[in-house]
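Below: one structure, written as C-alpha cells.
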Protein chains: 2
Amino acid sequence: MSLKEDGPSVAIVGVTGAVGQEFLSVLSDRDFPYRSLKLLASKRSAGKTLTYENRNYTVEELSENSFDDVDIALFSAGGSISKKFGPIAAEKGTIVVDNSSAFRMDEGVPLVIPEVNPEAMEGIKVKSGKGALIANPNCSTIICLMAATPLHRRANVMRMVVSTYQAASGAGAAAMEELELQTREVLEGKEPTCNIFKQQYAFNLFSHNAPVLPNGYNEEEMKLVKETRKIWNNMNVKVTATCIRVPVMRAHAESVNLQFESPLDEDTAREILRNAPGVVVIDDRAANSFPTPLQVSNKDDVAVGRIRQDVSQDGNYGLDIFVCGDQIRKGAALNAVQIAELLL
Amino acid sequence: MSLKEDGPSVAIVGVTGAVGQEFLSVLSDRDFPYRSLKLLASKRSAGKTLTYENRNYTVEELSENSFDDVDIALFSAGGSISKKFGPIAAEKGTIVVDNSSAFRMDEGVPLVIPEVNPEAMEGIKVKSGKGALIANPNCSTIICLMAATPLHRRANVMRMVVSTYQAASGAGAAAMEELELQTREVLEGKEPTCNIFKQQYAFNLFSHNAPVLPNGYNEEEMKLVKETRKIWNNMNVKVTATCIRVPVMRAHAESVNLQFESPLDEDTAREILRNAPGVVVIDDRAANSFPTPLQVSNKDDVAVGRIRQDVSQDGNYGLDIFVCGDQIRKGAALNAVQIAELLL
C-alpha cells in the first residue's frame, strides 16, 4: 500500500479481526494506492493504536458518520454490521466491498471473483460519485470456482459434487486459538476447552457449524450451491456439497467431482488449469505430490491437483479434482482487495 | 474370548501390530470360543511374552510350520506376508481371514462384510477339514458399504461419489505415534519429524499415501471402486473416490453422494438405516449433531448422519450421507472376527 494524493480514501471495517488484519497485509503486499486510511472497529477496540506502514493509526468506533469522504470500504465485521452500515456507507457515495453473506444473494449486488466474473461489477468506479455494494463470495465458493471455472468455460459444468475440508480460520481468529489450545490440552490428557465449537476439534472433525436448513443442508453448503449459480450467471448448474471442519489452521481443501456437457480429457484440463490466472497446478503422480492446505497457507494462488478422468462416468464427461486455497487470503481478504483494484 | 474344549484353535498373525492387538481385544469382548491360541509375528517380536485373559503366551516366529492344527488364522501383517503364508496355511486346512489386500480381488476368494454379503462364504466351515482364504475388505470400503448397502437394497445404487477423511491408524501404530509427535513438535515451534509420511501431517491433510496408478487414482481409491463391485456382486455400479488423510487418530469419515435407480426419500432412508445392523444414526439437525470420528472411536457401530435429499438431482433419486467408523475396529479387526464367527 502506498500513500498517493490521487488514490482513493480507504476504510477498513472490522480491522481487529483475522480478515481485517489480512486486508492490511494484502493492501501492503500489492502496493495498493491510497490517499488516506481509516481503521474502524467496535467500541471495544476503539482507541487502540495500530502501526501500519510506519504510521500510527487510532482505531475508531464504527458509526453512521464513519463514511464521510470514504471512497472504498472493506467490510469484514460479520453480517449484522454489514446489514446495518453497508447501505449507510453506499448512500454516502462509498463503494463497499463486503466479506459477509449479508448481500451476496441480493439482486443488483454483484458477487465477484475477479478472475471469474469481473464483468458483474462493470460501471462501478471510485470517484464516480455513486456508492455501491459489492459482495465477496464465501471462501469455499471462491476456492472451488477458481479451479472449476476455467474447466466450465471449456466444457460447461452440468453438475458438481463438492466435499470440503475446512480450516479453523473460517470461524475467526478465536477458533484458530481454540484449536491450538485444545490440541495442547488433549496432548496433556486434559479435557479440551470448547468455547467456539461445542465439541472437541483437536484430532477430530465435524459437520460445519453453520445452522442446518429445513432441506438438511447447512448454510455453508447452500452458499456453494447458490453462489455458484449467481457467479456463473447460470441457474441450471447443479451443485451439492458436504462441508466439514477439519483440524487445520487457515487453508481449505475441497474434493470436487465434475460432470460436463462436452467431453474434456484430463490432459487438456491440466493444461487449462496451468494457464488459469491465480491457479497453480501441483499434480505429480509419481512423487505422490498434490496440493495440501499447508502449502497454500499465506499464499495467493489456489492449488489444484489429483486431476483425473472420473472412472464413474462414461467417456470423458467427468473429472475429479482436489483444490486447496488459503481461507483468509484468496478466500476473503485478497479477493476483496482484488475487487477494490478493479474499482480504480 | 473363552477357552472351550470344542472351540477352534486360533492363530493371530501380526499380533504386535495395531490391528493384531485389536484382534485380541475384539475376540475377548465378543467372548469368542477357542481351544487354543497361537500368537505369531516376525522374528523381531518372537520370544516376547504377552498376557491375555490371565494367561501368558510367548510370541512365536511365523513359519511354514506355524499352521499345523490351526483351525482359524487371522492375518494382519501386510500383503507380502499374507501372499507367502496365506496359501500355505489354507493348504494345511486352516481357514485364513486376511486383512491385507493380497487376495481381495482373487476369484474364488470371498470378500466379506458379514452384515452385507455373508452368503459369499457359504460352505466354508471350521472342522470341515478344508482350508480356505477369506478376505477382509479395505477399511474405507467396509465403513462406506455398512451405510450404503441397506439403501442399495431398497433403491439400487447406480453411482456413488465418495470423499474420505482418513485417520492415521490406517497406516499403522507408528503413523499414529508420528501424528502425535509431530503435533507436539509443531506446537513447540520445531520442525516436524517425517518418517512414516514424507510431509507434515499435524494441522495438515494430504492425498492418501497409497501409490498412484496410471489412471490417476491411488490404490486406496480403486479399492473402493473394485471392492464395492465384488461385495455387491454387481459389475455395473459406478464408483469414484478421492481419499484424503486427515490428522485424526483412529476413525475414518466419508462423505458419500448416492444416485439411485429407484426413488428413495430421506425419511425412508433414515428409517432403513436406523434398522440396519451395525449402524447407528446420528442426525439431529436442530442440535447440529452428526457423526464425528471421535464418537465412533473404539466403538463397533458405524455412524451415519447428514442424511438428506441431494439438491443436485431431480426427484428423490439422490441422497447425501456422512459416515464415520472406527478404522481399526469395524474397518479391520471386528469385521475379521465377525467373519470368524460365521465359520463356527
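Values reported hereafter were calculated over all heavy atoms of this structure, with side chains retained and with hydrogens, waters and symmetry mates removed. Within every chain, numbering begins at 1; the chains are lettered A, B, ... in the order of the sequence lines, protein sequences first and strands thereafter.
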Measure distances from [X] to the heavy atoms of chain B and classify the residue's part below 4.5 Å as side chain, backbone, both or neither.
{"X": "A:A168", "result": "neither"}
{"X": "A:R184", "result": "both"}
{"X": "A:Q295", "result": "neither"}
{"X": "A:A210", "result": "backbone"}
{"X": "A:V239", "result": "backbone"}
{"X": "A:S297", "result": "neither"}
{"X": "A:N288", "result": "both"}
{"X": "A:D283", "result": "neither"}

Exercise. Taking atom CZ of B:F206 and atom SG of A:C324, what is their separation to the nearest 0.5 Å?
Worked result: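 So the gap between those two atoms works out to 12.0 Å.
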Problem set entry | Separation of B:I244 CD1 from A:R306 CZ (nearest 0.5 Å) | 6.5 Å
Exercise. Is it the side chain or the backbone of B:A202 that comes within 4.5 Å of chain A heavy atoms, both, or neither?
Worked result: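 The answer is neither part of B:A202.
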For this session: Residue by residue, scan residues 259-270 of chain B and write down, ordered by number, those that have a heavy-atom distance under 4.5 Å to chain A; if none do, write 'none'.
Result: B:Q259, B:E266
Is there a donor-acceptor pair under 3.5 Å between the side chain of [X] and the backbone N or O of [Y]?
{"X": "B:K238", "Y": "A:D314", "result": "no"}
{"X": "B:R285", "Y": "A:P211", "result": "no"}
{"X": "B:Y165", "Y": "A:V246", "result": "no"}

For this session: Could you give me the CA-CA distance, side-chain angles and deciding distance for B:Y217 and A:D310, then say whether side chain to side chain contact (heavy atoms under 4.5 Å, CB included) is met?
Result: CA-CA 9 Å; B:Y217 284 74; A:D310 173 2; 3.6 Å; yes
Exercise. Heavy-atom count around A:N234 CG within 6.0 Å, excluding the residue itself: above 12?
Worked result: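 Enclosed.
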Exercise. Does A:E271 have any salt bridge (charged side-chain N to carboxylate O under 4.0 Å, His left out) partners at least two apart in sequence or in another chain, and if so, which?
Worked result: A:R274
Problem set entry | Residue among B:I307, B:L179, B:T292, B:N204 with most heavy-atom pairs under 4.5 Å to chain A | B:N204
Problem set entry | Pairs of heavy atoms under 4.5 Å with chain A: top-ranked of B:K198, B:M160, B:H208 |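 Most heavy-atom pairs under 4.5 Å with chain A: B:K198.
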For this session: Classify the side-chain pair B:T240/A:R308 by whether it contains a donor and acceptor separated by less than 3.5 Å.
Result: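 Distance-only check fails for B:T240 and A:R308.
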For this session: State which residue, out of B:N257, B:D320, B:V256, fulfils the side-chain contact (heavy atoms from CB on, under 4.5 Å) condition with A:T242.
Result: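 Per the side-chain contact (heavy atoms from CB on, under 4.5 Å) rule, the option paired with A:T242 is B:D320, out of B:N257, B:D320, B:V256.
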Problem set entry | Chi angles and distances behind the side chain to side chain contact (heavy atoms under 4.5 Å, CB included) call for B:V186, A:M249 | CA-CA 12 Å; B:V186 169; A:M249 280 297 169; over 6 Å; no
Seminar exercise, completed: Minimal heavy-atom distance between A:F322 and B:L205, with the atoms involved, is CZ-CD1, 3.8 Å
For this session: Kindly determine whether A:L187 and B:E180 satisfy side chain to side chain contact (heavy atoms under 4.5 Å, CB included), including the steps that lead there.
Result: CA-CA 8 Å; A:L187 288 175; B:E180 186 177 327; 3.6 Å; yes
